[in-house]
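Sequence lines set the chain letters: A, B, ... in the order given, protein chains first and strands last, and positions in each chain run from 1.
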Amino acid sequence: MKGFLKLTQIQLKLFLREPAAFFFTLMFPTMLLLLFGAIFGNGNKPIPQLNGYGNVDLLTGGFIGMIIATVGLMSIPVNAAAQREHKILRRLQCSPIRPIVYLASDVFANFITTSAGMILLIILGKLIYNLRLPGDPFGVIVWFVLSAFSFFALGYLLAAIAPTARMAQVVGNILFFPMLFLSGAAIPHQILPEFLKKVSEFIPLTHVIRIIQGFWFEGKWSDYYIEMSVVIGTMFVCLLLAVRLFRWE
Amino acid sequence: MPVIEVNNLRKVYGDITAVKDISFKVESGEIFGIVGPNGAGKTTTIEMMEGIRTPDSGTISILGLHPLKDSKKLRQRVGMQLQQAALPDRLKVWEAFDMFSQFYERFVDAQELLESVQLSEKRNAYFSQLSGGQKQRLFVALALINDPELVFLDELTTGLDPHARRSMWDMISGLRERGKTVVLSTHYMEEAEFLCDRVAIFHKGELLALDSVNNLINELDEDKRVEITLIEAIDTAKLNELETVSEVTRKGVELIVRGSSNRLVVDVVETLANMGAEIRTLRIKEANLEDVFLTKTGSSYRTVNNHSSNAGDTES
(Lines give C-alpha, C1' and ligand atoms only; values in the text may rest on other atoms or scores of the structure.)
Protein backbone atom coordinates (compact mmCIF):
# COMPACT_ATOMS: atom_id res chain seq x y z
CA MET A 1 0.00 0.00 0.00
CA LYS A 2 2.76 2.47 0.85
CA GLY A 3 4.40 1.55 -2.46
CA PHE A 4 1.12 2.27 -4.27
CA LEU A 5 0.69 5.66 -2.61
CA LYS A 6 4.30 6.64 -3.22
CA LEU A 7 4.09 5.68 -6.88
CA THR A 8 0.84 7.63 -7.28
CA GLN A 9 2.40 10.66 -5.65
CA ILE A 10 5.43 10.44 -7.95
CA GLN A 11 3.26 10.05 -11.06
CA LEU A 12 1.29 13.17 -10.09
CA LYS A 13 4.50 15.14 -9.52
CA LEU A 14 5.74 14.07 -12.93
CA PHE A 15 2.42 15.15 -14.47
CA LEU A 16 2.78 18.62 -12.98
CA ARG A 17 6.29 18.84 -14.45
CA GLU A 18 5.12 17.87 -17.93
CA PRO A 19 3.92 21.12 -19.55
CA ALA A 20 2.10 19.51 -22.50
CA ALA A 21 0.07 17.06 -20.41
CA PHE A 22 -0.67 19.76 -17.85
CA PHE A 23 -1.87 22.17 -20.52
CA PHE A 24 -4.04 19.76 -22.48
CA THR A 25 -5.66 18.16 -19.46
CA LEU A 26 -6.22 21.19 -17.26
CA MET A 27 -5.99 24.41 -19.30
CA PHE A 28 -7.07 23.63 -22.86
CA PRO A 29 -10.68 22.47 -22.15
CA THR A 30 -11.32 25.56 -20.04
CA MET A 31 -9.85 27.79 -22.74
CA LEU A 32 -12.12 26.19 -25.32
CA LEU A 33 -15.13 26.69 -23.08
CA LEU A 34 -14.33 30.40 -22.77
CA LEU A 35 -13.78 30.66 -26.49
CA PHE A 36 -16.92 28.79 -27.58
CA GLY A 37 -18.98 30.57 -24.94
CA ALA A 38 -17.89 33.84 -26.52
CA ILE A 39 -18.55 32.57 -30.07
CA PHE A 40 -22.12 31.56 -29.28
CA GLY A 41 -22.45 34.88 -27.57
CA ASN A 42 -25.71 34.26 -25.77
CA GLY A 43 -24.08 33.22 -22.51
CA ASN A 44 -26.02 30.29 -21.18
CA LYS A 45 -29.60 31.28 -22.02
CA PRO A 46 -32.11 28.42 -21.96
CA ILE A 47 -32.75 26.93 -25.38
CA PRO A 48 -36.08 25.09 -25.84
CA GLN A 49 -34.53 22.30 -27.99
CA LEU A 50 -32.04 21.60 -25.18
CA ASN A 51 -34.71 20.86 -22.60
CA GLY A 52 -34.26 24.33 -21.15
CA TYR A 53 -30.46 24.07 -20.89
CA GLY A 54 -28.04 26.41 -22.71
CA ASN A 55 -25.09 26.16 -25.08
CA VAL A 56 -22.47 26.20 -22.34
CA ASP A 57 -24.23 23.32 -20.60
CA LEU A 58 -24.06 21.34 -23.82
CA LEU A 59 -20.41 22.22 -24.47
CA THR A 60 -19.34 21.22 -20.97
CA GLY A 61 -20.50 17.64 -21.49
CA GLY A 62 -18.53 17.52 -24.74
CA PHE A 63 -15.39 18.93 -23.16
CA ILE A 64 -15.55 16.42 -20.31
CA GLY A 65 -15.47 13.76 -23.01
CA MET A 66 -12.51 15.54 -24.59
CA ILE A 67 -10.57 15.51 -21.31
CA ILE A 68 -11.16 11.77 -20.98
CA ALA A 69 -9.97 11.20 -24.55
CA THR A 70 -6.92 13.44 -24.05
CA VAL A 71 -5.71 11.41 -21.10
CA GLY A 72 -6.67 8.07 -22.63
CA LEU A 73 -5.31 8.62 -26.14
CA MET A 74 -2.52 11.17 -25.67
CA SER A 75 -1.07 10.96 -22.14
CA ILE A 76 -1.31 7.28 -21.24
CA PRO A 77 -0.05 5.62 -24.45
CA VAL A 78 2.96 7.92 -24.76
CA ASN A 79 3.91 7.77 -21.08
CA ALA A 80 3.46 4.04 -20.71
CA ALA A 81 5.31 3.26 -23.94
CA ALA A 82 8.12 5.68 -23.05
CA GLN A 83 8.55 4.12 -19.60
CA ARG A 84 8.93 0.74 -21.25
CA GLU A 85 11.13 1.98 -24.10
CA HIS A 86 13.52 3.82 -21.79
CA LYS A 87 13.85 0.80 -19.48
CA ILE A 88 12.15 2.55 -16.60
CA LEU A 89 9.75 -0.37 -16.20
CA ARG A 90 12.77 -2.64 -16.28
CA ARG A 91 14.25 -0.91 -13.27
CA LEU A 92 10.94 -1.13 -11.39
CA GLN A 93 10.78 -4.82 -12.24
CA CYS A 94 13.99 -5.30 -10.21
CA SER A 95 12.23 -4.08 -7.07
CA PRO A 96 9.64 -6.07 -5.12
CA ILE A 97 6.80 -3.88 -6.46
CA ARG A 98 4.27 -6.03 -8.32
CA PRO A 99 3.26 -5.05 -11.87
CA ILE A 100 -0.39 -4.75 -10.87
CA VAL A 101 0.50 -2.23 -8.13
CA TYR A 102 2.47 -0.15 -10.58
CA LEU A 103 -0.39 -0.24 -13.08
CA ALA A 104 -2.99 0.57 -10.43
CA SER A 105 -1.01 3.61 -9.29
CA ASP A 106 -0.68 4.80 -12.89
CA VAL A 107 -4.44 4.41 -13.44
CA PHE A 108 -5.20 6.17 -10.17
CA ALA A 109 -2.89 9.09 -10.90
CA ASN A 110 -4.39 9.51 -14.36
CA PHE A 111 -7.87 9.36 -12.89
CA ILE A 112 -6.96 12.14 -10.48
CA THR A 113 -5.68 14.39 -13.28
CA THR A 114 -8.75 13.65 -15.45
CA SER A 115 -11.06 14.46 -12.54
CA ALA A 116 -9.11 17.63 -11.82
CA GLY A 117 -9.61 18.69 -15.44
CA MET A 118 -13.34 18.12 -15.17
CA ILE A 119 -13.71 19.87 -11.82
CA LEU A 120 -11.76 22.89 -13.05
CA LEU A 121 -13.95 23.06 -16.15
CA ILE A 122 -17.16 22.95 -14.09
CA ILE A 123 -15.98 25.54 -11.56
CA LEU A 124 -14.93 28.03 -14.25
CA GLY A 125 -18.07 27.32 -16.29
CA LYS A 126 -20.15 28.06 -13.24
CA LEU A 127 -18.24 31.26 -12.38
CA ILE A 128 -18.13 32.73 -15.87
CA TYR A 129 -21.20 31.42 -17.73
CA ASN A 130 -23.40 30.35 -14.84
CA LEU A 131 -23.21 26.72 -15.94
CA ARG A 132 -26.19 24.65 -14.80
CA LEU A 133 -25.17 21.65 -12.73
CA PRO A 134 -26.13 18.16 -13.94
CA GLY A 135 -29.75 17.15 -13.66
CA ASP A 136 -28.61 13.64 -12.71
CA PRO A 137 -25.27 14.16 -10.92
CA PHE A 138 -25.06 10.50 -9.93
CA GLY A 139 -25.41 9.36 -13.54
CA VAL A 140 -22.80 11.86 -14.69
CA ILE A 141 -20.31 10.77 -12.02
CA VAL A 142 -20.80 7.03 -12.58
CA TRP A 143 -20.43 7.35 -16.35
CA PHE A 144 -17.55 9.77 -16.08
CA VAL A 145 -15.69 7.13 -14.06
CA LEU A 146 -16.61 4.24 -16.37
CA SER A 147 -15.85 6.25 -19.50
CA ALA A 148 -12.48 7.30 -18.10
CA PHE A 149 -11.56 3.67 -17.33
CA SER A 150 -12.73 2.64 -20.78
CA PHE A 151 -10.45 5.18 -22.46
CA PHE A 152 -7.55 4.41 -20.09
CA ALA A 153 -7.82 0.75 -21.08
CA LEU A 154 -7.67 1.81 -24.73
CA GLY A 155 -4.59 3.90 -23.89
CA TYR A 156 -2.75 1.00 -22.22
CA LEU A 157 -3.67 -1.20 -25.15
CA LEU A 158 -2.09 1.30 -27.55
CA ALA A 159 1.03 1.42 -25.36
CA ALA A 160 1.23 -2.37 -25.35
CA ILE A 161 0.88 -2.61 -29.14
CA ALA A 162 3.09 0.32 -30.16
CA PRO A 163 6.74 -0.63 -30.57
CA THR A 164 7.95 2.82 -29.49
CA ALA A 165 6.65 5.88 -27.64
CA ARG A 166 6.80 7.87 -30.86
CA MET A 167 4.59 5.32 -32.57
CA ALA A 168 2.18 5.37 -29.63
CA GLN A 169 1.96 9.14 -30.01
CA VAL A 170 1.24 8.91 -33.74
CA VAL A 171 -1.49 6.30 -33.30
CA GLY A 172 -2.95 8.21 -30.34
CA ASN A 173 -3.18 11.39 -32.41
CA ILE A 174 -4.69 9.58 -35.38
CA LEU A 175 -7.46 8.30 -33.13
CA PHE A 176 -7.84 11.47 -31.07
CA PHE A 177 -8.47 14.14 -33.69
CA PRO A 178 -11.20 12.43 -35.73
CA MET A 179 -12.86 11.48 -32.43
CA LEU A 180 -12.67 15.07 -31.25
CA PHE A 181 -14.40 16.48 -34.34
CA LEU A 182 -16.89 13.69 -35.06
CA SER A 183 -18.02 12.80 -31.55
CA GLY A 184 -19.68 16.08 -30.74
CA ALA A 185 -16.95 17.07 -28.28
CA ALA A 186 -15.81 20.11 -30.23
CA ILE A 187 -18.48 20.51 -32.92
CA PRO A 188 -22.17 19.96 -32.10
CA HIS A 189 -23.15 16.56 -33.41
CA GLN A 190 -26.35 17.96 -34.95
CA ILE A 191 -24.56 19.93 -37.68
CA LEU A 192 -22.74 16.87 -39.12
CA PRO A 193 -23.98 15.52 -42.49
CA GLU A 194 -25.83 12.19 -42.43
CA PHE A 195 -22.82 10.20 -43.64
CA LEU A 196 -20.54 11.48 -40.87
CA LYS A 197 -23.26 10.96 -38.31
CA LYS A 198 -23.23 7.28 -39.27
CA VAL A 199 -19.43 7.15 -39.00
CA SER A 200 -19.56 8.77 -35.59
CA GLU A 201 -21.66 5.89 -34.28
CA PHE A 202 -18.52 3.76 -34.46
CA ILE A 203 -16.55 6.17 -32.29
CA PRO A 204 -16.59 5.34 -28.55
CA LEU A 205 -16.27 9.00 -27.60
CA THR A 206 -19.58 9.79 -29.31
CA HIS A 207 -21.29 7.45 -26.90
CA VAL A 208 -19.42 8.79 -23.88
CA ILE A 209 -20.51 12.31 -24.68
CA ARG A 210 -24.07 11.31 -25.45
CA ILE A 211 -24.40 9.67 -22.03
CA ILE A 212 -22.82 12.53 -20.11
CA GLN A 213 -24.82 15.21 -21.94
CA GLY A 214 -27.93 13.08 -21.55
CA PHE A 215 -27.62 12.82 -17.79
CA TRP A 216 -26.67 16.46 -17.58
CA PHE A 217 -30.06 17.23 -19.17
CA GLU A 218 -32.01 14.95 -16.82
CA GLY A 219 -32.10 11.98 -19.23
CA LYS A 220 -33.31 8.54 -18.20
CA TRP A 221 -30.87 5.59 -17.86
CA SER A 222 -33.12 3.44 -20.04
CA ASP A 223 -32.54 5.83 -22.97
CA TYR A 224 -28.81 5.04 -23.10
CA TYR A 225 -28.45 1.26 -22.95
CA ILE A 226 -26.72 1.11 -26.35
CA GLU A 227 -24.25 3.85 -25.43
CA MET A 228 -23.57 2.22 -22.07
CA SER A 229 -22.92 -1.14 -23.76
CA VAL A 230 -20.41 0.48 -26.11
CA VAL A 231 -18.51 2.10 -23.23
CA ILE A 232 -18.44 -1.07 -21.11
CA GLY A 233 -17.63 -3.24 -24.12
CA THR A 234 -14.72 -1.01 -25.12
CA MET A 235 -13.41 -1.19 -21.57
CA PHE A 236 -13.47 -4.98 -21.35
CA VAL A 237 -12.07 -5.70 -24.79
CA CYS A 238 -9.22 -3.20 -24.38
CA LEU A 239 -8.45 -4.34 -20.85
CA LEU A 240 -8.27 -8.02 -21.81
CA LEU A 241 -6.03 -7.30 -24.78
CA ALA A 242 -3.84 -4.85 -22.83
CA VAL A 243 -3.25 -7.36 -20.02
CA ARG A 244 -2.41 -10.05 -22.53
CA LEU A 245 -0.02 -7.85 -24.53
CA PHE A 246 1.65 -6.04 -21.64
CA ARG A 247 5.47 -6.14 -21.73
CA TRP A 248 8.09 -4.95 -19.23
CA GLU A 249 10.51 -4.35 -22.09
CA MET B 1 25.67 -23.31 1.68
CA PRO B 2 26.63 -21.34 -1.42
CA VAL B 3 24.77 -18.08 -2.01
CA ILE B 4 24.29 -18.94 -5.67
CA GLU B 5 24.22 -22.33 -7.32
CA VAL B 6 23.86 -22.54 -11.08
CA ASN B 7 23.62 -25.90 -12.85
CA ASN B 8 23.71 -26.58 -16.60
CA LEU B 9 22.22 -23.22 -17.44
CA ARG B 10 21.26 -22.73 -21.07
CA LYS B 11 19.62 -19.92 -23.05
CA VAL B 12 19.00 -19.78 -26.78
CA TYR B 13 17.92 -16.77 -28.83
CA GLY B 14 16.86 -17.94 -32.27
CA ASP B 15 19.95 -19.47 -33.86
CA ILE B 16 22.32 -18.17 -31.21
CA THR B 17 23.03 -20.11 -28.05
CA ALA B 18 23.77 -17.23 -25.70
CA VAL B 19 24.57 -19.44 -22.70
CA LYS B 20 25.75 -23.06 -23.10
CA ASP B 21 25.48 -25.43 -20.13
CA ILE B 22 27.07 -23.19 -17.56
CA SER B 23 27.47 -24.33 -13.94
CA PHE B 24 29.11 -22.53 -11.01
CA LYS B 25 28.72 -21.63 -7.36
CA VAL B 26 29.18 -18.33 -5.58
CA GLU B 27 30.16 -18.41 -1.91
CA SER B 28 28.97 -16.02 0.76
CA GLY B 29 30.98 -12.82 1.12
CA GLU B 30 32.97 -13.07 -2.08
CA ILE B 31 33.21 -10.72 -5.01
CA PHE B 32 32.55 -12.94 -7.98
CA GLY B 33 33.44 -11.59 -11.40
CA ILE B 34 32.04 -12.65 -14.75
CA VAL B 35 34.43 -11.43 -17.41
CA GLY B 36 34.54 -11.77 -21.14
CA PRO B 37 34.12 -9.75 -24.31
CA ASN B 38 30.78 -8.28 -25.37
CA GLY B 39 28.43 -11.03 -26.49
CA ALA B 40 29.98 -13.65 -24.20
CA GLY B 41 26.68 -14.28 -22.39
CA LYS B 42 27.49 -12.35 -19.21
CA THR B 43 24.35 -10.21 -19.11
CA THR B 44 22.07 -13.07 -20.12
CA THR B 45 23.46 -15.19 -17.27
CA ILE B 46 23.12 -12.37 -14.73
CA GLU B 47 19.56 -11.58 -15.84
CA MET B 48 18.58 -15.23 -15.45
CA MET B 49 19.99 -15.20 -11.92
CA GLU B 50 18.07 -11.97 -11.25
CA GLY B 51 14.85 -13.63 -12.35
CA ILE B 52 14.13 -11.20 -15.18
CA ARG B 53 14.91 -13.74 -17.90
CA THR B 54 13.76 -17.35 -18.10
CA PRO B 55 16.37 -20.03 -18.78
CA ASP B 56 15.66 -22.63 -21.49
CA SER B 57 17.09 -25.32 -19.24
CA GLY B 58 19.19 -25.73 -16.12
CA THR B 59 18.58 -24.74 -12.51
CA ILE B 60 19.43 -21.68 -10.47
CA SER B 61 19.26 -21.30 -6.72
CA ILE B 62 19.74 -17.85 -5.17
CA LEU B 63 19.98 -17.70 -1.35
CA GLY B 64 18.28 -21.11 -1.44
CA LEU B 65 15.33 -19.69 -3.41
CA HIS B 66 14.09 -19.93 -7.00
CA PRO B 67 14.74 -16.74 -8.99
CA LEU B 68 11.35 -16.74 -10.72
CA LYS B 69 9.00 -18.48 -8.28
CA ASP B 70 10.34 -16.67 -5.22
CA SER B 71 11.08 -13.41 -7.01
CA LYS B 72 9.14 -11.22 -4.61
CA LYS B 73 10.94 -12.62 -1.57
CA LEU B 74 14.29 -12.49 -3.32
CA ARG B 75 13.91 -8.90 -4.43
CA GLN B 76 13.65 -7.84 -0.79
CA ARG B 77 17.08 -9.36 -0.17
CA VAL B 78 18.89 -8.79 -3.46
CA GLY B 79 20.11 -5.57 -5.12
CA MET B 80 20.39 -5.19 -8.87
CA GLN B 81 22.09 -2.74 -11.16
CA LEU B 82 21.14 -3.33 -14.79
CA GLN B 83 23.34 -2.74 -17.78
CA GLN B 84 20.60 -0.55 -19.24
CA ALA B 85 18.03 1.24 -17.16
CA ALA B 86 16.48 4.66 -16.78
CA LEU B 87 14.21 6.72 -14.58
CA PRO B 88 11.67 9.33 -15.70
CA ASP B 89 13.49 12.43 -16.99
CA ARG B 90 11.81 14.77 -14.56
CA LEU B 91 12.27 12.63 -11.47
CA LYS B 92 14.68 14.15 -8.96
CA VAL B 93 17.54 12.13 -7.52
CA TRP B 94 16.23 12.24 -3.94
CA GLU B 95 12.74 11.32 -5.15
CA ALA B 96 14.12 8.18 -6.79
CA PHE B 97 15.55 7.04 -3.44
CA ASP B 98 12.39 8.09 -1.63
CA MET B 99 10.27 6.10 -4.09
CA PHE B 100 12.35 2.91 -4.18
CA SER B 101 12.81 2.83 -0.41
CA GLN B 102 9.02 2.56 -0.04
CA PHE B 103 9.05 -0.71 -2.00
CA TYR B 104 11.19 -2.49 0.60
CA GLU B 105 10.56 -3.80 4.09
CA ARG B 106 13.83 -2.30 5.23
CA PHE B 107 15.98 0.35 3.66
CA VAL B 108 19.07 2.39 4.44
CA ASP B 109 19.59 6.15 4.69
CA ALA B 110 19.53 7.69 1.21
CA GLN B 111 21.83 10.56 2.16
CA GLU B 112 24.62 8.16 3.17
CA LEU B 113 24.19 6.19 -0.03
CA LEU B 114 24.34 9.37 -2.10
CA GLU B 115 27.52 10.41 -0.32
CA SER B 116 29.10 7.02 -0.93
CA VAL B 117 28.71 7.54 -4.69
CA GLN B 118 29.52 11.29 -4.55
CA LEU B 119 26.08 12.38 -5.63
CA SER B 120 24.94 14.25 -2.52
CA GLU B 121 25.12 17.66 -4.18
CA LYS B 122 22.99 16.33 -7.05
CA ARG B 123 20.11 15.27 -4.83
CA ASN B 124 17.78 17.94 -6.24
CA ALA B 125 18.81 17.45 -9.87
CA TYR B 126 16.47 15.86 -12.39
CA PHE B 127 17.49 12.43 -13.68
CA SER B 128 17.82 13.93 -17.18
CA GLN B 129 20.37 16.46 -15.91
CA LEU B 130 22.83 13.79 -14.75
CA SER B 131 25.81 12.76 -16.86
CA GLY B 132 26.21 9.15 -17.96
CA GLY B 133 28.64 8.42 -15.14
CA GLN B 134 26.38 10.05 -12.56
CA LYS B 135 23.42 7.97 -13.74
CA GLN B 136 25.58 4.85 -13.46
CA ARG B 137 26.54 5.76 -9.87
CA LEU B 138 22.91 6.52 -9.05
CA PHE B 139 21.87 3.04 -10.17
CA VAL B 140 24.63 1.38 -8.16
CA ALA B 141 23.47 3.30 -5.09
CA LEU B 142 19.83 2.39 -5.81
CA ALA B 143 20.85 -1.27 -5.94
CA LEU B 144 21.96 -0.89 -2.31
CA ILE B 145 18.86 0.92 -0.99
CA ASN B 146 17.49 -2.25 0.66
CA ASP B 147 20.81 -3.16 2.32
CA PRO B 148 20.90 -6.38 0.23
CA GLU B 149 22.76 -9.56 1.14
CA LEU B 150 23.60 -10.12 -2.52
CA VAL B 151 24.21 -7.49 -5.19
CA PHE B 152 24.29 -7.96 -8.95
CA LEU B 153 26.26 -5.30 -10.80
CA ASP B 154 26.15 -5.58 -14.58
CA GLU B 155 28.93 -3.62 -16.32
CA LEU B 156 29.11 -1.20 -13.44
CA THR B 157 31.96 0.98 -14.65
CA THR B 158 31.22 1.10 -18.39
CA GLY B 159 31.20 4.75 -19.40
CA LEU B 160 32.96 5.99 -16.26
CA ASP B 161 36.10 8.09 -16.41
CA PRO B 162 39.22 6.62 -14.74
CA HIS B 163 38.75 8.64 -11.56
CA ALA B 164 35.09 7.67 -11.16
CA ARG B 165 36.01 4.07 -11.90
CA ARG B 166 38.59 4.10 -9.11
CA SER B 167 36.12 5.45 -6.57
CA MET B 168 33.55 2.87 -7.70
CA TRP B 169 36.15 0.16 -7.12
CA ASP B 170 36.74 1.44 -3.59
CA MET B 171 33.03 1.38 -2.95
CA ILE B 172 32.68 -2.22 -4.18
CA SER B 173 35.64 -3.31 -2.06
CA GLY B 174 33.84 -1.71 0.87
CA LEU B 175 30.84 -3.96 0.21
CA ARG B 176 33.04 -7.01 0.76
CA GLU B 177 34.12 -5.61 4.12
CA ARG B 178 30.46 -5.30 5.10
CA GLY B 179 29.96 -9.00 4.35
CA LYS B 180 27.91 -8.60 1.17
CA THR B 181 28.19 -11.04 -1.68
CA VAL B 182 28.77 -9.29 -4.99
CA VAL B 183 28.36 -10.71 -8.49
CA LEU B 184 29.63 -8.34 -11.13
CA SER B 185 30.20 -8.54 -14.83
CA THR B 186 32.80 -6.55 -16.66
CA HIS B 187 34.63 -6.54 -19.94
CA TYR B 188 37.59 -4.80 -18.30
CA MET B 189 40.10 -7.49 -17.30
CA GLU B 190 41.97 -5.11 -15.01
CA GLU B 191 38.75 -4.41 -13.13
CA ALA B 192 38.24 -8.12 -12.48
CA GLU B 193 41.91 -8.46 -11.40
CA PHE B 194 41.57 -5.59 -8.97
CA LEU B 195 38.18 -6.40 -7.45
CA CYS B 196 37.31 -10.05 -7.68
CA ASP B 197 38.05 -12.91 -5.33
CA ARG B 198 37.18 -15.33 -8.09
CA VAL B 199 36.70 -14.82 -11.79
CA ALA B 200 34.62 -16.76 -14.30
CA ILE B 201 35.85 -16.22 -17.85
CA PHE B 202 33.01 -16.37 -20.39
CA HIS B 203 33.50 -16.67 -24.12
CA LYS B 204 30.78 -17.31 -26.72
CA GLY B 205 28.35 -18.52 -24.07
CA GLU B 206 30.77 -20.94 -22.46
CA LEU B 207 32.52 -20.88 -19.11
CA LEU B 208 36.20 -21.25 -20.01
CA ALA B 209 37.77 -20.99 -16.58
CA LEU B 210 36.81 -20.27 -12.99
CA ASP B 211 39.26 -19.59 -10.20
CA SER B 212 40.99 -16.84 -8.28
CA VAL B 213 42.97 -14.43 -10.45
CA ASN B 214 46.27 -15.68 -8.97
CA ASN B 215 45.48 -19.32 -9.60
CA LEU B 216 44.37 -18.63 -13.15
CA ILE B 217 47.61 -16.81 -13.88
CA ASN B 218 49.84 -19.34 -12.10
CA GLU B 219 48.19 -22.17 -14.00
CA LEU B 220 49.41 -20.60 -17.19
CA ASP B 221 52.94 -21.59 -16.24
CA GLU B 222 54.04 -18.64 -18.29
CA ASP B 223 57.59 -17.34 -18.15
CA LYS B 224 58.25 -14.36 -16.00
CA ARG B 225 60.16 -11.60 -17.71
CA VAL B 226 62.49 -9.21 -15.91
CA GLU B 227 63.48 -6.10 -17.86
CA ILE B 228 66.55 -4.36 -16.50
CA THR B 229 68.42 -1.22 -17.53
CA LEU B 230 71.92 -1.07 -16.11
CA ILE B 231 74.21 1.91 -15.67
CA GLU B 232 77.04 0.08 -17.49
CA ALA B 233 76.95 -2.97 -19.72
CA ILE B 234 78.16 -6.21 -18.16
CA ASP B 235 78.98 -9.74 -19.21
CA THR B 236 75.81 -11.81 -18.87
CA ALA B 237 77.45 -15.25 -18.72
CA LYS B 238 76.86 -15.51 -14.96
CA LEU B 239 73.15 -14.92 -15.41
CA ASN B 240 72.95 -17.63 -18.05
CA GLU B 241 74.49 -20.06 -15.59
CA LEU B 242 71.64 -19.57 -13.11
CA GLU B 243 69.29 -22.53 -12.81
CA THR B 244 66.19 -20.36 -12.71
CA VAL B 245 67.06 -18.45 -15.87
CA SER B 246 65.97 -19.86 -19.20
CA GLU B 247 67.02 -17.06 -21.51
CA VAL B 248 68.93 -13.78 -21.43
CA THR B 249 68.76 -11.16 -24.16
CA ARG B 250 71.20 -8.26 -24.04
CA LYS B 251 71.17 -5.04 -26.00
CA GLY B 252 73.77 -2.61 -24.65
CA VAL B 253 72.78 -1.72 -21.09
CA GLU B 254 69.34 -3.31 -21.48
CA LEU B 255 68.73 -6.87 -20.36
CA ILE B 256 65.69 -9.08 -20.66
CA VAL B 257 65.85 -12.19 -18.46
CA ARG B 258 63.24 -14.95 -18.71
CA GLY B 259 62.46 -17.83 -16.41
CA SER B 260 59.52 -19.56 -14.77
CA SER B 261 60.57 -19.96 -11.14
CA ASN B 262 59.29 -17.67 -8.44
CA ARG B 263 62.96 -17.29 -7.41
CA LEU B 264 63.86 -15.68 -10.73
CA VAL B 265 63.82 -12.05 -9.61
CA VAL B 266 65.72 -12.70 -6.39
CA ASP B 267 68.37 -14.77 -8.20
CA VAL B 268 68.88 -12.19 -10.93
CA VAL B 269 69.13 -9.23 -8.58
CA GLU B 270 71.43 -11.12 -6.21
CA THR B 271 73.76 -12.12 -9.04
CA LEU B 272 73.88 -8.60 -10.43
CA ALA B 273 74.58 -7.22 -6.96
CA ASN B 274 77.42 -9.70 -6.45
CA MET B 275 78.91 -8.58 -9.76
CA GLY B 276 78.76 -5.00 -8.54
CA ALA B 277 76.37 -3.94 -11.32
CA GLU B 278 74.18 -0.89 -10.73
CA ILE B 279 70.55 -1.01 -11.81
CA ARG B 280 68.81 2.05 -13.24
CA THR B 281 65.38 0.50 -13.79
CA LEU B 282 63.87 -2.90 -13.18
CA ARG B 283 60.48 -4.03 -14.38
CA ILE B 284 58.85 -7.37 -13.82
CA LYS B 285 56.38 -8.36 -16.50
CA GLU B 286 53.79 -10.77 -15.22
CA ALA B 287 51.07 -12.61 -17.00
CA ASN B 288 47.58 -11.17 -16.47
CA LEU B 289 43.99 -12.20 -17.16
CA GLU B 290 44.34 -11.15 -20.79
CA ASP B 291 47.06 -13.79 -21.16
CA VAL B 292 44.76 -16.33 -19.54
CA PHE B 293 42.07 -15.41 -22.07
CA LEU B 294 44.59 -15.67 -24.91
CA THR B 295 45.71 -19.12 -23.79
CA LYS B 296 42.19 -20.45 -23.32
CA THR B 297 40.69 -19.10 -26.55
CA GLY B 298 43.70 -18.80 -28.82
CA SER B 299 42.69 -15.26 -29.66
CA SER B 300 43.80 -11.96 -28.18
CA TYR B 301 41.29 -10.43 -25.77
CA ARG B 302 41.67 -6.94 -27.21
CA THR B 303 41.03 -8.13 -30.77
CA VAL B 304 37.94 -10.11 -29.75
CA ASN B 305 36.61 -7.31 -27.61
CA ASN B 306 37.18 -4.55 -30.15
CA HIS B 307 35.64 -6.68 -32.85
CA SER B 308 32.50 -7.36 -30.88
CA SER B 309 32.34 -3.73 -29.75
CA ASN B 310 32.17 -2.65 -33.35
CA ALA B 311 29.41 -5.11 -34.03
CA GLY B 312 27.29 -3.46 -31.35
CA ASP B 313 27.90 -2.24 -27.88
CA THR B 314 25.10 -3.97 -26.08
CA GLU B 315 24.82 -7.61 -25.31
CA SER B 316 21.66 -9.50 -25.98
Quiz item: Are A/Arg90 and B/Glu47 close enough, and set up right, to give a side-chain contact (heavy atoms from CB on, under 4.5 Å), and what steps lead you there?
Solution: CA-CA 11 Å; A/Arg90 199 65 196 285; B/Glu47 289 184 346; 3.1 Å; yes
Quiz item: Within 45° of the axis and under 6.0 Å from the centre of the six-membered ring of B/Tyr126, does NZ or CZ of A/Arg17 qualify?
Solution: no
Self-check item: Inter-residue atom distance B/Leu87.CG - A/Lys87.NZ, 0.5 Å rounding
Solution: 14.0 Å
Self-check item: Over 12 non-hydrogen atoms of neighbours within 6.0 angstrom of CD in B/Glu121
Solution: yes
Quiz item: Does any non-hydrogen side-chain atom of A/Leu7 lie less than 4.5 Å from one of B/Gln102?
Solution: no
Quiz item: How about A/Lys126: does its NZ atom have over 12 heavy atoms from other parts shown lying under 6.0 Å from it?
Solution: yes
Quiz item: Does atom CZ of A/Arg98 have more than 12 heavy-atom neighbours from other groups under 6.0 Å away?
Solution: no
Practice problem: Check whether more than 12 heavy atoms from other residues, nucleotides or ligands sit under 6.0 Å from atom CD1 of A/Ile100, and answer yes or no. | Solution: no
Practice problem: Would you check if A/Leu14 and B/Glu95 make a side-chain contact, meaning some heavy-atom pair closer than 4.5 Å? | Solution: no
Quiz prompt | Segment of B/Asn146 engaging chain A (4.5 angstrom heavy-atom cut-off) | solution = neither
Quiz item: Where on B/Phe100 is there a heavy atom nearer than 4.5 Å to chain A: the side chain, the backbone, both, or neither?
Solution: side chain
Quiz item: Which residue out of B/Met80, B/Glu105, B/Glu50 racks up the most heavy-atom pairs below 4.5 Å with chain A?
Solution: B/Met80
Quiz prompt | Which portion of A/Lys6 sits near chain B, non-hydrogen atoms under 4.5 angstrom | solution = side chain
Quiz prompt | A/Phe111 CZ: over 12 foreign heavy atoms closer than 6.0 Å | solution = yes
Exercise. Answer with side chain, backbone, both or neither: which region of B/Leu91 has an atom nearer than 4.5 Å to a non-hydrogen atom of chain A?
Key: both
Self-check item: chain A contact via B/Lys92 - which portion, at a heavy-atom distance below 4.5 Å
Solution: both
Exercise. Count the heavy atoms belonging to other residues, nucleotides or ligands that lie under 6.0 Å from CE of A/Met167, then report whether that count exceeds 12.
Key: no
Self-check item: Engaged part of B/Ile145 at the chain A interface, taking heavy atoms whose separation is under 4.5 Å
Solution: neither
Exercise. Give the member of A/Ile10, A/Leu89, A/Ile88 that has the highest number of heavy-atom pairs under 4.5 Å with chain B.
Key: A/Ile88
Quiz prompt | From CA spacing to verdict: side-chain contact (heavy atoms from CB on, under 4.5 Å), B/Phe103, A/Lys2 | solution = CA-CA 8 Å; B/Phe103 301 161; A/Lys2 59 174 187 167; over 6 Å; no
Self-check item: Contact winner vs chain A - B/Ala86, B/Gly51, B/Ser71, heavy-atom pairs under 4.5 Å
Solution: B/Ala86
Quiz item: Do other residues, nucleotides or ligands put more than 12 heavy atoms under 6.0 Å from A/Phe236 CZ?
Solution: no
Exercise. May I ask you to check whether over 12 heavy atoms, not counting those of B/Lys204, lie within 6.0 Å of atom NZ?
Key: no
Quiz item: Any donor and acceptor pair, going by atom type alone, linking the side chain of B/Arg75 with main-chain N or O of A/Gln93 inside 3.5 Å?
Solution: yes
